[in-house]
Amino acid sequence: MKTEKEEKANGKGRFPRSERLPVIMLIAAAGGLCGCYGTIAFGTFAFGETGNLLHLWSDLISGNWVNMLLRTLTVGLFMCGIALAVILPEKVGKKKWQTACLLIEVALTSFTLLCPGQIHFLLQLAPLFLAAAMQYHSFNYCEGFAAATIFCSNNLRQTTLGLVGWLRTRDPESLRRFKTYGLVVTAYSCGAIVCCALYPHIGRAVLLPAIAFYALLSPYIALERETEADEEKSIEAAVEAAADEIAEELVPDPVLEAAALSETESKNAG
């Protein structure tokens, strides 16, 4: 019997709203927009830590202690965001956490939008690093595939692998992989393009679409009937457990089998 994960990997079964392609595409578009905002406005990629770490070591070597300390703060915020995204779902449930996570991202992105422009740019971007971490760990699946919404390296890699796999074997699963990841990359790119086009004209207000996406998706996820997915899991678990018990009864115990064989041989020898 196929597990829920295997069914999802084959494009079957019902995906929760937080994993459906349109939802992940909107969140990825917000990720592209916010990440691009940091790059255009301040030369710092605000939704990923690789570039931030490289800047941190550069600031360390060059002796720019203020930037180094503030970048260390943003790394710490990113780590805290990951920790929250691991711990809180265990306390309140995954769906409630995802709903709350989006609302927290509304607040954090709004803070970046409204904070005074006179403060250091890393302090302006600090809320986005925290938001990115929570988003990264909370929305990491798209219709059975592991996907990211805050950067595109692996998404682009998986898009390429899906295309190559389909061209070589015409495997429908490879084609589904190509389409799914390709659309997530497209959505992310659209967010970045919108930011590039509008930032010179409206400045920080370019973050408003991201805030709107988070605000709209939070109640959409919250209003999902949780019982449907839970009941499916419970039924599948019960059926699998019953199947395992039957299988155990049908498979002979090797110790008993060896004992019975030995006894038969003794009788034949006698």
Side-chain angles (χ1 to χ4, degrees), residues 2-32 34-35 47-49 78 81-105 131-163 165 171-189 191 210 213-214 216-234 236-237:
K2 292 182 179 181
T3 64
E4 180 185 10
K5 184 176 181 180
E6 290 171 333
E7 286 186 353
K8 287 182 178 181
N10 291 323
K12 301 177 182 178
R14 180 182 180 278
F15 298 101
R17 289 183 176 180
S18 61
E19 295 183 19
R20 294 179 190 174
L21 182 58
V23 171
I24 296 301
M25 287 179 67
L26 285 177
I27 297 176
C34 292
F47 254 35
E49 278 305 296
F78 191 90
I82 295 294
L84 290 173
V86 170
I87 296 171
L88 291 182
E90 298 176 356
K91 303 293 184 182
V92 301
K94 183 177 179 179
K95 191 182 77 169
K96 290 182 178 178
W97 161 248
Q98 288 175 326
T99 302
C101 176
L102 290 171
L103 293 178
I104 295 172
E105 289 196 76
M134 294 190 298
Q135 180 177 313
Y136 179 41
H137 195 73
S138 301
F139 299 92
N140 50 7
Y141 278 93
C142 181
E143 302 199 352
F145 296 116
T149 59
I150 65 171
F151 44 71
C152 270
S153 298
N154 184 61
N155 294 342
L156 190 58
R157 170 178 172 268
Q158 294 295 340
T159 300
T160 306
L161 291 175
L163 178 60
D171 176 28
E173 182 63 11
S174 294
L175 181 60
R176 191 173 79 88
R177 177 185 297 271
F178 167 67
K179 290 179 178 179
T180 301
Y181 280 106
L183 287 171
V184 174
V185 171
T186 300
Y188 184 93
S189 301
F213 291 160
Y214 297 145
L216 290 173
L217 290 175
S218 181
Y220 175 76
I221 293 174
L223 293 174
E224 180 181 23
R225 286 184 57 199
E226 195 169 14
T227 54
E228 293 182 19
D230 292 343
E231 286 176 0
E232 288 178 4
K233 289 179 182 179
S234 299
E236 288 181 2

Does T159 have any side chain to side chain donor-acceptor pair (under 3.5 Å) partners at least two apart in sequence or in another chain, and if so, which?
none
To the nearest 0.5 Å, what is the distance between CE on M25 and OG1 on T186?
6.5 Å
Could you check if a side-chain atom of Y188 sits within less than 4.5 angstrom of a side-chain atom of N155, using non-hydrogen atoms only?
no
Look only at the side chain of R20 and the backbone of F15, and say whether a donor-acceptor pair between them is shorter than 3.5 Å.
yes
For C34 and Y214, work out which heavy atoms get closest and say how close.
SG-OH, 4.4 Å
Compute whether any side-chain donor of one residue and acceptor of the other, for T180 and E143, lie under 3.5 angstrom apart.
no
Could you tell me whether K94 and E19 have a side-chain N and a carboxylate O separated by less than 4.0 Å?
yes
Which pair of non-hydrogen atoms, one from P89 and one from W97, has the smallest distance, and what is that distance?
CG-CD1, 3.3 Å
Look at the side chain of Q158 and the backbone N and O of R177, then say whether any donor-acceptor pair between them is shorter than 3.5 Å.
no
Separation of I24 CD1 from L217 CG (nearest 0.5 Å)
9.0 Å
NZ of K95 to SG of C101, rounded to nearest 0.5 Å, is 15.5 Å
Taking all non-hydrogen atoms of both residues into account, name the closest pair between V184 and C142 and its distance.
CG2-SG, 4.2 Å
Just verifying a value: how many Å separate E173 CD and F178 CZ, rounded to the nearest 0.5 Å?
14.5 Å
Could you state the interatomic distance from CD1 (I150) to CD (Q135), rounded to the nearest 0.5 Å?
7.0 Å
In the structure I gave you, are the side-chain heavy atoms of L102 and E105 within less than 4.5 Å of one another anywhere?
yes
Residues passing the ring-ring contact (aromatic ring centres under 6.0 Å, His included) test with F151, sequence neighbours excluded, are Y136
Rounded to the nearest 0.5 Å, how far does CD1 of I27 lie from CD1 of I221?
5.5 Å
